[in-house]
Amino acid sequence: MVNSNIQFIERKGTGSLKWDHADALFNGEGLLPMWVADMDLGVPHQVQEALIERVNHPIFGYARPQDSLYESVINWLKNKHHWTIQKEQIFFSSGVVPSIAASILAFTEPGDKVMIQSPVYAPFYSCINENSRTLVENPLRIQDNRLEIDFEDFENKLKEGVKLFILCSPHNPGGMVWSKKELARMAELCADYDVLIISDEIHADLSLSGYEHTPIATINPNTITLMAPSKTFNIAGLQASLVITEKQEIMKKLTGQFLKQGFYGLNVLAYPAMEAAYTYGADWLKETTSVIEGNVELVTTFINDKLPNVNVIKPEASFLIWIDLNGLGLTDAEITKRLIQKGRLALEPGTKFGKAGSGFVRMNIGSSPETVKEGLNRLYTAFSDLV
């Protein structure tokens, strides 16, 4: 049962990208938006109170992070992920994607090879391609209804001169929480071939019951770890994230790249929101995770019962579900057309995550159970004639 700490909020008419712009972006009408990765849950009340307190001060000049913010981050990582870091290892960035781009620019040259594991979060591709680096893919494979790493291919690609490896941990869109054994093997191979790791760990706090996230930097310190309270506490619009690295020579070079881009710090509201989230958000997160787990069960049970030709990759973290529609025998264009025109449902197309995503869709279940049920009914309407 959800208690008073969790509230499902009506977002229509608030300028929400997810709710107010889905029809235009997906070229449909009356669509139920279950696509972009933010939730429909109100933030921890302490975050809202911290923002109200700051807004009540009538000056919004330049700001710098206070020691109390560093302490909140350090304590959160220690308590949540058993990871002990120091203040000097933290840099605040406006987002994980800008940090990926800055890392690519700082540590590679045009034409250098950068490896990813497809299918994966779309900006991984664009950050590499738009900065004139060479994209190298280590495709993930499905084994026992789980995305798994092809380590033979992983090492072969490193042998070909990869300079940088971008890891998605936990994985988006697959929802995998990589095991310590899997992380150790990737860390070892990157160390053997002197490959710097950029680890996108934005979904780390959202590991579901039975799974525990391990920062790969605890195994291989030649890593730039990217984290944020944005997905965890539903504050993505405040644009606040963390860049963490143990090696000061890496930090110096990376922060130098941020300066080249004209980035000097976060907006004045991002700092108090981040501090409040990491200081007071643990109970809220526990309840939110319970909601997500209930929604995962709704999705898996419904699809298994109603759409036997559709397969769910059951997530181990986050509020995103990777759904395999290849058993329906449709093209990606046909899948999209049915979802929009018959189901009136906006989901992320699998091809957005690379060629390996063909035949898949990603569903955001960070909503009320009622919204998730409505989305499932619309999914069924889109494909019921093929059952």
Side-chain angles (χ1 to χ4, degrees), residues 17-18 22 25-28 31-38 97 116-129 135 137-150 166-176 200 202-203 231 295-296 299-300 302-304 306-366 372 375-376 378-384 386-387:
L17 173 66
K18 178 181 178 182
L25 291 170
F26 285 82
N27 195 27
L31 303 181
L32 180 66
M34 302 182 75
W35 61 293
V36 69
D38 65 7
V97 174
I116 61 175
Q117 295 173 307
S118 54
V120 75
Y121 185 45
F124 282 26
Y125 297 90
S126 58
C127 285
I128 296 168
N129 292 328
L135 176 69
E137 297 186 49
N138 168 228
L140 299 171
R141 54 194 181 188
I142 297 178
Q143 184 72 30
D144 298 326
N145 207 37
R146 185 179 190 273
L147 291 176
E148 293 195 349
I149 300 163
D150 183 342
I166 308 177
L167 171 66
C168 196
S169 177
H171 184 264
N172 175 16
M176 301 302 99
D200 172 0
I202 198 170
H203 295 281
K231 306 301 182 187
N295 287 345
V296 169
V299 173
T300 53
F302 182 97
I303 290 179
N304 289 339
K306 300 289 188 179
L307 295 167
N309 293 335
V310 175
N311 188 44
V312 178
I313 307 300
K314 194 170 183 179
E316 300 165 359
S318 196
F319 49 88
L320 307 170
I321 294 191
W322 193 229
I323 301 174
D324 184 357
L325 302 173
N326 282 288
L328 299 176
L330 300 173
T331 66
D332 291 297
E334 289 169 337
I335 289 172
T336 297
K337 183 177 180 180
R338 281 173 168 264
L339 285 170
I340 301 303
Q341 296 184 2
K342 295 187 66 176
R344 292 184 297 113
L345 180 62
L347 304 179
E348 291 280 27
T351 50
K352 189 172 182 178
F353 303 89
K355 293 180 181 178
S358 179
F360 287 79
V361 292
R362 192 191 73 177
M363 174 182 279
N364 175 353
I365 58 167
V372 173
L376 290 169
R378 293 186 183 213
L379 183 71
Y380 180 76
T381 298
F383 304 110
S384 58
L386 299 177
V387 175

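Counting from 1, the numbers follow the sequence of the chain as shown. Just so it is clear, the structure is predicted and the values come from calculations on it, not from any experiment.
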Quick check: do [X] and [Y] have side-chain heavy atoms less than 4.5 Å from each other?
X      : Y      : value
Leu339 : Phe383 : yes
Val296 : Val312 : no
Phe302 : Val372 : no

Contact summary for [X] and [Y], nearest pair of heavy atoms:
X      : Y      : result
Phe353 : Asn172 : CE2-OD1, 4.1 Å
Arg344 : Arg378 : O-NH1, 2.6 Å
Gly357 : Pro119 : N-CB, 4.1 Å
Ile321 : Pro315 : CG1-CG, 3.9 Å
Leu31  : Ile340 : CD2-O, 3.8 Å
Leu330 : Arg338 : CD1-CD, 3.7 Å

Distance in Å, [X] [atom1] paired with [Y] [atom2], rounded so as to fall on 0.5 Å steps:
X      : Y      : atom1 : atom2 : answer
Ser118 : Tyr125 : OG    : OH    : 4.5 Å
Ile323 : Ile313 : CD1   : CD1   : 10.0 Å
Ser318 : His171 : OG    : NE2   : 12.0 Å
Ile142 : Asn326 : CD1   : CG    : 8.0 Å
Leu135 : Ile128 : CG    : CD1   : 5.0 Å
Leu307 : Leu328 : CG    : CG    : 7.5 Å

Below 30° counts as parallel, above 60° as perpendicular, anything between as tilted: where do the rings of Trp322 and Phe360 land?
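Aromatic pair Trp322/Phe360 classed parallel.
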Matching residue for Leu320 among Met363, Met34, Arg362 - test: side-chain contact (heavy atoms from CB on, under 4.5 Å)
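The option that passes is Arg362.
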Side-chain ([X]) to main-chain ([Y]) donor-acceptor, under 3.5 angstrom:
X      : Y      : value
Asn364 : Val36  : yes
His203 : Cys168 : no
Trp35  : Lys18  : yes
Lys231 : Ala37  : yes
Asp150 : Asn138 : no

Can you run down the salt bridge (charged side-chain N to carboxylate O under 4.0 Å, His left out) pairs that involve residues 307-321, sequence neighbours left out, and say none if there aren't any?
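Listed once each, the pairs are Arg146-Glu316, Glu297-Lys314.
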Residues that Val97 engages under side chain to side chain contact (heavy atoms under 4.5 Å, CB included), provided they are two or more places apart:
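Side chain to side chain contact (heavy atoms under 4.5 Å, CB included) list for Val97, sorted by chain: Tyr121, Pro123, Cys127.
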Residue pair Asn309, Leu386: steps toward the side-chain contact (heavy atoms from CB on, under 4.5 Å) verdict
CA-CA 9 Å; Asn309 293 335; Leu386 299 177; 5.7 Å; no
Check the pair Leu140, Ile149 against side-chain contact (heavy atoms from CB on, under 4.5 Å), reporting the backbone distance first and the verdict last.
CA-CA 5 Å; Leu140 299 171; Ile149 300 163; 3.8 Å; yes
Going through the distances and angles, do Leu17 and Leu25 end up as a side-chain contact (heavy atoms from CB on, under 4.5 Å)?
CA-CA 9 Å; Leu17 173 66; Leu25 291 170; 3.8 Å; yes
Test side-chain contact (heavy atoms from CB on, under 4.5 Å) on Leu347 and Leu379; report intermediate values, then the result.
CA-CA 10 Å; Leu347 304 179; Leu379 183 71; 4.2 Å; yes
Hey, is CG on Asn27 packed in by over 12 heavy atoms from elsewhere, all under 6.0 Å?
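For Asn27, atom CG is not crowded (no more than 12 foreign heavy atoms under 6.0 Å).
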Lys342 atom NZ: more than 12 heavy-atom contacts under 6.0 Å:
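Yes.
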